Amino acid sequence: MTNLFLGNLKYWLYGLTLLGGAGVAEWRGYSFTSINEHQVAPKSVRDNPGAYRSHYSTYTRYSGGK
Amino acid sequence: MKVRAIDCPNCGGSVELRGYSHSLSAVCIQCLTVIDTSHPQLTILKQFQDANRVRPLLPLGSRGRFGGKLFEIIGMQERQIMVDGTTYSWQEYLLFNPYAGFRYLSVYRGHWNFIEPAKGLPETTTRYLGKPALKYQGETYRHFQTAEAETSFAMGEFPWKLEVGQKVTVKDYIAPPKLLSEEITPDEVTYSVGTYQTGEEIAKAFALTTPLSLASGVFANQPAPAANLGSTWSTFVLLLVGLFVLSIFLKVISRNEVVFDQRLHYSSADKESAKVTDIFELKGRTSNVEIESETDLLNDWMYLDMSLINTETGQAWDFGREVSYYSGTDSDGRWTEGNPKVSVNIPSVPSGKYYLRIDPDMSDDAGLHSASYTIKVTRDVPKFWLLWLAIPLLMLPALWRTIKRGTFETQRWAESDYATSSSSSDDDDD
């Protein structure tokens, strides 16, 4: 068992770092997706939701369907 | 070590003898005459051609320490084999210690072996990994090569009667870093065991101040990099188990809590399409939020422009998703396209009070378009894709070592009797 660890010390370090990183990322809910824009919305959004223009509000669609 | 000198019966030059009474033949360094030293009347056995003279990498008289014992080089011979029309030659040094006896040191293209006589006879065993094998001291040696070796040059003294052009059949078996050699002559069969040594180890043993030439190619019993692939893959399996344990742990501790679930309606006739939801609370640590929208769309589309907004800080996450669902029947039968349900994962959202601003949009062509949709917000949903991504990354070192080892073994066996193709030009003899 000692040889398993010492003989592959670098592998263990790499693997445990990877597991730790993936675990923390999962724990914090990280994601590689960049679809979300972070900005500060004005307080008036609740009173006048139509006035707020988000990053995605200029969406134009090409109609699909078969 | 006591040195005795004799006069060469051919040229009269001085020949030094260091092997006490063990020396049965010696080579005059001046005229290359092989002298029978087994009795006081020195007689000439043979003579090497001067054209075959080689310069030893380690001079006669050099002393090196192996296994705590000091040995002196008292002889050197160059031996060669011919394989597929190509001559391969190597040097063998005869080492002597008055108390330990004789040992050998061989070198081929910078690869060294410290060779000792075998202690006992090896046993023939069943084929191992497809090759004939011998068992010696509990270890299985695979057959590597059989060749007829010839002594092409020698200098110094030897505990046997040296013959010019002396030929022996040599069968090499390997269990890296060991090499078991079976030397067969018409009179006897002898076994010796070599242990692979690097040039650095030899230079250290002989306390050389200048480094020996670097090894090139792969030698028969050269230890492979990543020698223990079993433990490498065991490490991978254990890390994989760790990954699954971590996944289960994260699954158990995740809140996976629905904090908002409401059914809403949209009509293209609405004067103001944008609306905000009631305030809901996201509890716990900073983690993800999943927002699911399910519509009753049929042959229509809807675009949901949404923002998740923190009531206290005003921090907003904007995102948009199109939902569309079409179905019908044509000559191929029934078809569907799209999905009336869509979900968005928002990573790393701190705890706090939030609401959603939703601005739906539908086709603005003629006719009324309307749809009902539900918005469901779930806090801290376990997503294992990062952990799944870790699996191939965890496997990379084991795969890399396996490929490296495989390449190394291919190079090793390319020099054997079991080569699948002819040796590369890189492996030609110097």
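Note that the structure is a prediction, hence the values are computed from the model and not measured. In what follows, chains carry the letters A, B, and so on, assigned in the order in which the sequence lines appear, proteins first and then strands, with residues in each chain numbered from 1.
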Under a 4.5 Å heavy-atom cut-off, does chain B meet the side chain of A:L19, its backbone, both or neither?
-> both
Choice from B:I279, B:N310, B:V349 maximising heavy atom contacts with chain A below 4.5 Å | B:I279
Apply side chain to side chain contact (heavy atoms under 4.5 Å, CB included) to A:L16 and B:L239, showing your working.
-> CA-CA 7 Å; A:L16 292 175; B:L239 286 170; 4.0 Å; yes
Heavy-atom proximity to chain A below 4.5 Å, by part of B:L250 | side chain
Against chain A, label B:I358 side chain, backbone, both or neither, depending on which of its atoms sit under 4.5 Å from a heavy atom there.
-> neither
Measure B:K383 against the heavy atoms of chain A and call it side chain, backbone, both or neither at under 4.5 Å.
-> both
Of the backbone (N, CA, C, O) and the side chain (C-beta and beyond), which part of B:E290 lies under 4.5 Å from a heavy atom of chain A, both, or neither?
-> neither
Against chain A, label B:T277 side chain, backbone, both or neither, depending on which of its atoms sit under 4.5 Å from a heavy atom there.
-> backbone
Does any heavy atom of chain B fall under 4.5 Å from the side chain of A:Y14, the backbone, both, or neither of them?
-> side chain
Nearest heavy-atom approach of B:L387 to A:G23 is CD2-N, 4.3 Å
Heavy-atom distance under 4.5 Å to chain A: side chain of B:L394, backbone, both or neither?
-> both
Whatever's closer than 4.5 Å to a heavy atom in chain A on B:F236 counts as both
Does the side chain of A:E26 come within less than 4.5 Å of B:N288's, by heavy atoms?
-> no
Over all atoms of both residues, closest heavy-atom pair of B:P397 and A:Y11 | CG-CE2, 3.5 Å
Which atom of A:A22 lies closest to which atom of B:L386, heavy atoms considered = CB-O, 4.2 Å
When the 4.5 angstrom heavy-atom criterion is applied to B:S363 and chain A, the contacting part is neither
Heavy-atom distances under 4.5 Å only: say whether B:M362 touches chain A with side chain, backbone, both or neither.
-> neither
Contact class of B:T313 relative to chain A, heavy atoms under 4.5 angstrom | backbone
Judged by atom type as modelled, is there a donor-acceptor pair below 3.5 Å linking the side chain of B:S348 to the main-chain atoms of A:R28?
-> yes
